[in-house]
Amino acid sequence: MPNYDLSNYLQFILSGLSTGSIYVLVALGVVTIYSVTGIVNLAQGEYCMLGAMLAVTFIRWGLPLGLAAAAAIIGVTAIGVLIERLTVQPARSASSITLIMITVGVSIVVRGVALLAWGTAPFSLPAFTKGPPLDVLGAAVSLQRLWILGTAVVTLLLLYFLLERTLLGKAVRACAINRQAAGLMGIAASQMSALVFALSAALGAVGGIVIAPLMLASYDMGLMLGLKGFVAAVIGGLTSLPGAVIGGLLLGVIESLGAGLISSGFKDAIAFLVLLLVIFARSGRFPNRLGRRPARAGELAGRGARPTETRP
Amino acid sequence: MVKWNRSVCLSLVCLAALLLASCTPAAAPQATAPTAAARAEAKVGEAFAIGVLVASTGGAAALGEPERDAARLVQSQLEAQGGIIGAAGLRHPIKVVIYDTGSTADTAITLAKKLINDDKVVAIVGGTTSPESLALVPIVQEAKIPFISAASSSQIVEPVADRFWVFKTAQNNRHTAPQQVEYAKAKGLTKIANLYVNNSYGEDGRNAIRDATKAAGVEIVIEETFEAADTNMMAQLTKVKASSAQAVLVTAIPPAAAILTKQYRELGLKIPLIQNHGIGMKSFITQAGPENAEGVLFPMGKLVAAQALPDNDPQKAVLLNFIKEYEAFTKNPTSTFAGHVWDGMQLTLKALEKMPTGLKLEEQRAKIRDSIENTKAFPGTGGIFNLSAQDHVGLSANDIVLVKIADGNWVYMPREKW
């Protein structure tokens, strides 16, 4: 067993924070969709995959990185809306469990199509800025990890601005609080549903693009990211955006420390163990049946209102 | 009523989605019928089928795709020639049946049974990864059919007493590990880290390195493992960084090996990174990024050293010919894994050429097994094969050379350059 000093612990925490940032972006998507539509979107990780793969493709076509990333995000957002219109919207009145199954189906289809389009070989995306890793009190932090952290912060600020400072955001929050009342006020629930799917797809795409230089982009990268993002969302309470941020970062750090201090073999096991513990600990506050959110659940963006039964 | 209809529709959609996802084209059988040897002078005899099981999709696709291409190359050559000329002077069309295991052992088992019972193949070549090949061992032992594995773990062919029907063409980790350890020792690096992927290939490599270090008087100061599907090895590498290791020895295949290499550079580790023959494909360099792969060392068969071999080396002509044919056929750079399947198919074809006619399928399979076991001094891409009842690999440490990645290319490192 190696002797750890402060720099090693710092290394684990910094690695964990950057991986956790990706979980945050996925978890935010899960939470936004769940709050507004009541659907647990298990295809969330596929948006990361699509973002990374499209960005790689556009770069191969000769686009500069920034443009390729922007095009990929727009492309994935469009795909997100398309998926919502084609699969979720026609089944609006179906039970929650059916809707969840649909998202599982969507993720399998998206993965299959990606396999056909790109094949199985993993693709490498170059780091956004070239250069040696920075030395932070003895811990090495690559410039790409700074990009990840920075992107996550900027995305969070944009999301906050959108939800809290714009009329559109107000409409989204209104839907999350009470869909029927929002409908009576003239907010079209169907449009809001499309909007949150677009938003979540964009968040996922951003996550996929910034993480791709550290791992490799491949057709099956979305599965684990989606699951971890879901775990992060659950840790955060499934309806709270600040909760998702804390949940994602916490999960990243716990995983990293667990792998470093206990055993790297348990890394994924630790994430799912945390999920189980959180579910046990909070079982009182969780929906006892899928689709019925309890009155005490948290609320979108931490505002003090409570979601109620959304389906007539 | 409307609601009921909808839920039925939805279930159908889900079902269709699942079916669609499971029907990737790569999973479909890629068999082709042999063309009749119309132009051949020899009379056409019995047709034979050879089965090929490769992981052309899934986690090990980086290995399995070149392997599939090598099988297709042999398939197209056999079609062009109308098959092989047997011992009785008859021309036998050969059907090559290629299936994709999707990198999972379960699928490999199902498909192996299909090859044995439905396609009635005389031998099976492939089993891309060690876990797949190990899963096939009991199947072929029971069915009494020769199986020539392209994977590396020594457990695939050992103990030979229980592996009567199993051979392999990939070099043993016992052949490659001494090169890794001796290189470190030659550079005066006596404390090493032993990293390996958590499966039968990685464990075999770990054990081989342990034994090699004992023999060479090198100390393993840290051992760490990671999963084949892991995308983050920062924790393991941070441990290595905190240890007193002077060189890092790795047993893994891409993508894990490529991700490890990226993160190795990311952490700013400066000590030599010596990987194993699991990265013997050019796509490793593109996956890891040429700047990250720069300076990585690894042992592999002589494929890379083909040009540098002396002209009297029996492998030189074979290797140069294989490289030329493979690259012309696939338009891709060559891979040692393609060579493993190519070797397996050549061993099988050679055995078929010697086989007398008029045998039942079970007898044919037994005859082919005997022929392969008695192969001597056969120059393949992986080395000179000298098989025997005690050795179902037939290669030696002399068939391995050390390679360094420089400027995105493989550079042969003869011992005098260490």
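So that the names make sense, note that chain A is the first sequence line, chain B the second, and so on, each numbered from 1.
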Which portion of B:Glu223 sits near chain A, non-hydrogen atoms under 4.5 angstrom
neither
Given that the side chain runs from C-beta out, which part of B:Ser283 has a heavy atom under 4.5 Å from chain A: side chain, backbone, both or neither?
neither
Quick one: closest heavy-atom pair of A:Ala259 and B:Ala235, and the distance?
CB-CB, 3.6 Å
A:Glu84: salt bridge (charged side-chain N to carboxylate O under 4.0 Å, His left out) partners, not counting sequence neighbours
none
So, for B:Leu267 and A:Ala140, which heavy atoms are closest and what is the spacing to 0.1 Å?
O-CB, 3.5 Å
Considering only heavy atoms, which portion of A:Leu125 lies under 4.5 Å from any heavy atom of chain B: side chain, backbone, both, or neither?
backbone
With a 4.5 angstrom heavy-atom cut-off, could you sort out which part of A:Pro122 is near chain B: side chain, backbone, both or neither?
both
With sequence neighbours excluded, residues passing salt bridge (charged side-chain N to carboxylate O under 4.0 Å, His left out) with B:Glu203
none
What are the residues of residues 219-230 of chain A, in order of number, with any heavy atom under 4.5 angstrom from a heavy atom of chain B?
A:Tyr219
Could you look at B:Gln263 and say if it's the side chain, the backbone, both or neither that has a heavy atom under 4.5 Å from chain A?
side chain
Please flag which part of A:Pro126 lies under 4.5 Å from any non-hydrogen atom of chain B: side chain, backbone, both or neither.
neither
Nearest heavy-atom neighbours spanning A:Ser124 and B:Thr286:
CB-O, 3.4 Å
Can you find a heavy atom in the side chain of A:Gln11 that is under 4.5 Å from one in the side chain of B:Lys239?
no
List the residues meeting side chain to side chain donor-acceptor pair (under 3.5 Å) with A:Ser142, not counting sequence neighbours, and say none if there are none.
B:Glu266
Structural part of B:Asn232 lying under 4.5 Å from a heavy atom of chain A:
both
